[in-house]
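Counting starts at 1 for both ligands and their atoms, following the listed order.
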Amino acid sequence: MFPKSKLRCIKCKKEFNSDEVIYVCRSCGSLLEVVIEPPKVSLEDMADRPLGVWRYEEFLPVEEGSEIVTLREGGTPLYRCDRLAKWAGVKRLYIKYEGANPTGSFKDRGMTLGVTKAKSLGSKAVACASTGNTSASLSAYAARAGLTCYVLLPAEKVAMGKLAQALMHGAKVISVKGNFDDALKLVMELSVKMEIYLLNSVNPWRLEGQKTLAFEVIDQLGHVPEFVAVPMGNCGNISAIWKGFREFKSAGIIDRLPRMFGVQAEGAAPVINMLRKNLETLVPLSNPETLATAIRIGNPVNWPKAVMAIKESNGLYESVSDDEIVEAQRVIATLEGIGVEPASAASVAGVKRAVSKGMLGKKDEVVCVCTGHLLKDPEEVIKVCGRPVEIPPDLLAVSKALSGK
Ligand code: AN7
């Protein structure tokens, strides 16, 4: 049974019906969130269902009788990583590996909900701006649903794997000469003007799918982790995960909450800057820069929700350099066998950085959310690892090369 829901402005608290196509409060322009009644359900009640987004249907606000658009998202592994814990300097470290989703990122959790919603609202076309993964995911789910899909990408800054996905799944892909923030502004205007359903994370229904990551962590770990580290770009994911934990607590499934740890790349860290300076509002960056192109975002729309998540949870925040990101990416890959894209490694790099500052240490347990697959950005890998040595096809040359002579 799906729960009944409504939309509520996070600022002025004005409420709207769940079948209204709006992305921000009609009264004050702030972000909206979906509100559901906490269901009366236990983990045992849901235990026979496969691990994944739809296992938690009592928490997922879609219309009864909706045609669910799914590629079997979620149900991703939670790996205990002892070598990585030692490297970072914490007691326990787990990786929630979102690269194992159907299109290789956490975005699929949101798109199964978002595209199901688009269908039940009767939309014929969906759209997004994207640093890559959102477009890859939306293109696939739109194809699955038989909807037209438009994606606006920042020119030349989208990793090859992600672009390949959007193109092959048949989206109309447009390259905007500007950055992600420019593309998002355009697509928001476009969606209103042309009545195309917008599926960036400003759309609160998407976050309803993404909150299931929190549910899975509780199911897999068997207890509430102390810290959950999340890379932040547009700040939807950390907000969604925090909402998930809060809803499990309201439903009486857990009795305490984790502390959220938001991590941004140094060159694209407007939220971290704001928190450090204790500012009331975000100062957007006009030229965000980082090798982690997924989180190369200067004006994150969901910043108020992310700031709430970090503050309410008595959480942590840090920025990490590109060098730290690449180092973490390599260590995750070589010590644990887990392949993640640069943005994903920011969560792990953030833990190491926090340890060096004494914010985390030998007593702490952290779940790091690794948001996307290594193969999303093969060009970055070649850039940081170099190409393999080339040899003529003979045995002597092979043995020489293998012994490094
Ligand atoms: C791998 O695809 O914004 O803080 O347009 O692809 O919820 O934005 C991607 C974001 C982290 C940040 N890790 O999540 C997009 C886009 C990866 C990502 C983030 C993204 P949010």
Apply the test ring pair (Phe, Tyr, Trp, His ring centres under 6.0 Å) to residues Phe59 and Phe2: give CA-CA distance (whole Å), side-chain angles for both, the deciding distance (0.1 Å), then the verdict.
-> CA-CA 7 Å; Phe59 291 85; Phe2 303 118; over 10 Å; no
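Atoms of ligand 1 found under 4.0 Å from any heavy atom of Ile297, numbered from 1 in the order shown, are 3 (O). Near Met232, meaning under 4.0 Å from any of its heavy atoms, are these atoms of ligand 1: 4 (O). Less than 4.0 angstrom separates some heavy atom of Lys107 from each of these atoms of ligand 1: 2 (O), 3 (O), 6 (O), 9 (C), 10 (C), 15 (C), 16 (C), 20 (C). Against a heavy-atom cut-off of under 4.0 Å, Ser130 is close to the following atoms of ligand 1: 2 (O), 5 (O), 15 (C). Heavy-atom proximity to Gly132, at under 4.0 Å, picks out these atoms of ligand 1: 2 (O). Of all the atoms in ligand 1, the ones that sit under 4.0 Å from a non-hydrogen atom of Gly236 are 4 (O), 7 (O), 21 (P).
In this structure, Tyr94 has its ring center no closer than 6.0 Å to that of Tyr79. Between Tyr317 and Phe261, the gap from one ring centroid to the other reaches at least 6.0 Å. In this structure, the ring of Phe215 has its center no less than 6.0 angstrom from the ring center of Phe245.
Heavy atoms of Ser105 stay at 4.0 angstrom or farther from ligand 1. Heavy atoms of Val230 stay at 4.0 angstrom or farther from ligand 1. Residue Ser201 places every heavy atom at 4.0 Å or more from ligand 1.
Protein heavy atom at the shortest distance from atom 8 (O) of ligand 1 is Asn234 N, 2.7 Å. Protein heavy atom at the shortest distance from atom 18 (C) of ligand 1 is Ala294 CB, 3.5 Å. The protein heavy-atom contact nearest to atom 5 (O) of ligand 1 is Thr131 N, 2.8 Å. Looking only at heavy atoms of the protein, atom 14 (O) of ligand 1 is closest to Phe106 CZ, 3.4 Å. Remark: minimum distance from atom 7 (O) of ligand 1 to any protein heavy atom is reached at Asn237 N, 2.8 Å. The protein heavy-atom contact nearest to atom 6 (O) of ligand 1 is Asn133 ND2, 2.7 Å.
Not a single N or O atom of Phe180, backbone or side chain, sits closer than 3.5 Å to an N or O atom of ligand 1. For ligand 1, one of its N or O atoms has an N or O atom of Thr134 under 3.5 Å away.
Using a cut-off of 4.0 Å between Lys/Arg side-chain N and Asp/Glu carboxylate O, Glu216 and Lys96 are scored as salt-bridged. Ion pairing between Arg109 and Glu98 holds under the 4.0 Å rule for side-chain N and carboxylate O. Lys157 has a carboxylate O that lies under 4.0 Å from a charged side-chain N of Glu289, or vice versa, which qualifies the two as a salt bridge.
When Asn200, Thr371, Val340, Ile295 are ranked by how near their heavy atoms come to atom 19 (C) of ligand 1, first place goes to Ile295.
A donor-acceptor contact shorter than 3.5 Å is absent between the side chain of Ser139 and the backbone of Ala171.
Only side-chain heavy atoms of Glu341 come within less than 4.0 Å of ligand 1; its backbone N, CA, C and O stay farther off.
Listed by chain and number, the residues in a side-chain contact (heavy atoms from CB on, under 4.5 Å) with Cys28 are Cys9, Lys11, Cys12, Cys25, Ser30 (sequence neighbours excluded). For Arg246, the side-chain contact (heavy atoms from CB on, under 4.5 Å) criterion is met by Glu33, Trp242, Lys243, Leu257, Glu312, not counting sequence neighbours.
Inter-residue side-chain proximity for Arg49 and Tyr56 is flagged as unmet; no heavy-atom pair is nearer than 4.5 Å.
In this structure, a donor-acceptor pair under 3.5 Å is present between the side chains of Asn133 and Glu341.
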